[in-house]
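Each chain gets a letter, A, B and so on, in the order its sequence line appears, and its residues count up from 1.
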There are 2 protein chains.
Amino acid sequence: MERTNIEYQGVSMEKKIEKVLEEKEEGSGACALHEFLNHFGDKWSMLIVLHLGHAGKLRFNELKKRIQLISQRMLTVTLRSLEMDGLVSRKVYAEIPPRVEYQLTPLGKSLLELMTVFGEWANQHADEIMEARKQFQKRQKAKK
Amino acid sequence: MERTNIEYQGVSMEKKIEKVLEEKEEGSGACALHEFLNHFGDKWSMLIVLHLGHAGKLRFNELKKRIQLISQRMLTVTLRSLEMDGLVSRKVYAEIPPRVEYQLTPLGKSLLELMTVFGEWANQHADEIMEARKQFQKRQKAKK
DNA sequence: CGGTATCCTTGGAGATACTG
DNA sequence: CAGTATCTCCAAGGATACCG
């Protein structure tokens, strides 16, 4: 038995992994996680979710100010895709000048919670990863 | 007070989000989560972690067989990057023909657990997202 | 077997200009 | 203000051929 066998919340890791790896369509290689990453794993989606989660409700240009490096185009594109997936709601006020407000839907908020779990992992293990990289560099140099 | 204010494990969502958004270097816009996605958010990293987690230990070509669509090049490249970050260990046996075995490090296993949490979210909310997309399509057609 | 090295294609994303 | 519409460019990644 060389396999991982951690018990977690009553269900074996084994089963959980199998569930995640399960393919939607035969031969597609597309498991749930893969799908997931295709939609939210891009450069900006998560940042938008975090900022909306933090502020609660933001207008287009407010969001743009907070995510300094994002281009107007990518903000629009990413917001549309998040809206499409039901994570973000978009409310247009028929005023002049126009006003548009974005906020997380309940689904978006549930993703937000998940993201913070991830963020914590990243924070906790950042040092470990940095150290691993250093070691790797060393070993590479040693070979030459 | 229009901000989200969910309590979770004793710490307010507020604080957690702030922590995740915290920038490493001033003005870089690079928070921990962003860093994280840059390294593991690509097309193949997570799949490799899942498969290694499931099998425990795999040789190069075994891994390639399981992830059908991956090219040899990308398998090599991704494995190197995972090795660099200390998530995967690589063991070379000085035999002929050569044998190389990959498996998760403890750090890799901790990431694996996190991934399954994500996978579960994806599975649980897949329907909801599909439905949201349909609704969005409808609304778009209605406009035209 | 387990890779490198090289070439080539594609689509993700920035810059810029225009609009309801 | 909050977007579209183009043009453009670069690098992620596939195909192929070779190597220890």
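With axes fitted over five pairs at each extremity, the angle between the ends of the helix from C:dC1-D:dG20 to C:dG20-D:dC1 is 50° (10° resolution).
Reading DNA chain D from its 5' end, the first and the last nucleotide to sit under 4.0 Å from a heavy atom of chain B are D:dG13 to D:dG20. The footprint of chain B on DNA chain C, defined by a heavy-atom cutoff below 4.0 Å, extends from C:dC1 to C:dT6.
A:Leu82 approaches A:Ile48 most closely through the heavy-atom pair CD1-CG2, 3.8 Å.
With sequence neighbours excluded, no residue satisfies side-chain hydrogen bond (donor to acceptor under 3.5 Å, both in side chains) with A:Arg59. Scored by the side-chain contact (heavy atoms from CB on, under 4.5 Å) test, A:Lys19 finds A:Glu22, B:Asn123 as partners (sequence neighbours excluded). Applying the side-chain contact (heavy atoms from CB on, under 4.5 Å) rule to A:Lys134 yields the partners A:Glu131; only residues at least two apart in sequence or on another chain are considered. B:Asp42 meets the salt bridge (charged side-chain N to carboxylate O under 4.0 Å, His left out) test with no other residue; sequence neighbours excluded. Taking the salt bridge (charged side-chain N to carboxylate O under 4.0 Å, His left out) definition, one finds that A:Arg133 meets it with B:Asp85, sequence neighbours left out. Take B:Trp121 and apply the side-chain hydrogen bond (donor to acceptor under 3.5 Å, both in side chains) test, not counting sequence neighbours, and it matches A:Ser110, B:His125. For A:Lys91, the side-chain contact (heavy atoms from CB on, under 4.5 Å) criterion is met by A:Tyr93, not counting sequence neighbours.
Nearest-nucleotide positions on DNA chain C place A:Lys43 closer to the 5' end than the other of A:Gln72 and A:Lys43. Both A:Trp44 and A:Pro98 sit near DNA chain C, but only A:Trp44 has its closest nucleotide nearer the 5' end. Between A:Arg99 and B:Met74, the residue anchored nearer the 5' end of DNA chain D, judged by the nucleotide with its closest heavy atom, is A:Arg99.
As judged by a 4.0 angstrom heavy-atom cut-off over every strand, B:Arg73 is placed among the base-contacting residues. As judged by a 4.0 angstrom heavy-atom cut-off over every strand, A:Tyr93 is placed among residues making no nucleic acid contact.
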* To do: Before giving the answer on side chain to side chain contact (heavy atoms under 4.5 Å, CB included), spell out for B:Arg90 and B:Arg80 the whole-Å C-alpha distance, their side-chain angles and the decisive distance to 0.1 Å.
  => CA-CA 9 Å; B:Arg90 176 171 182 270; B:Arg80 284 296 169 274; 3.4 Å; yes
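Considering only heavy atoms from C-beta on, A:Val20 stays 4.5 Å or farther from B:Met115 through its side chain.
The aromatic rings of B:Phe118 and A:Phe36 sit perpendicular, their planes meeting at an angle over 60°, well past the 30° parallel limit.
Clustering of Ile, Leu, Val, Met, Phe, Trp and Tyr by side-chain heavy atoms under 4.5 Å joins B:Phe136 with A:Met84.
Although no hydrogens or angles enter the test, the distance criterion places no donor-acceptor pair under 3.5 Å between the side chain of A:Lys109 and the main chain of A:Gly53.
Near DNA chain D, meaning a heavy atom under 4.0 Å away, the residues from residues 75-88 of chain A are A:Thr76, A:Arg80.
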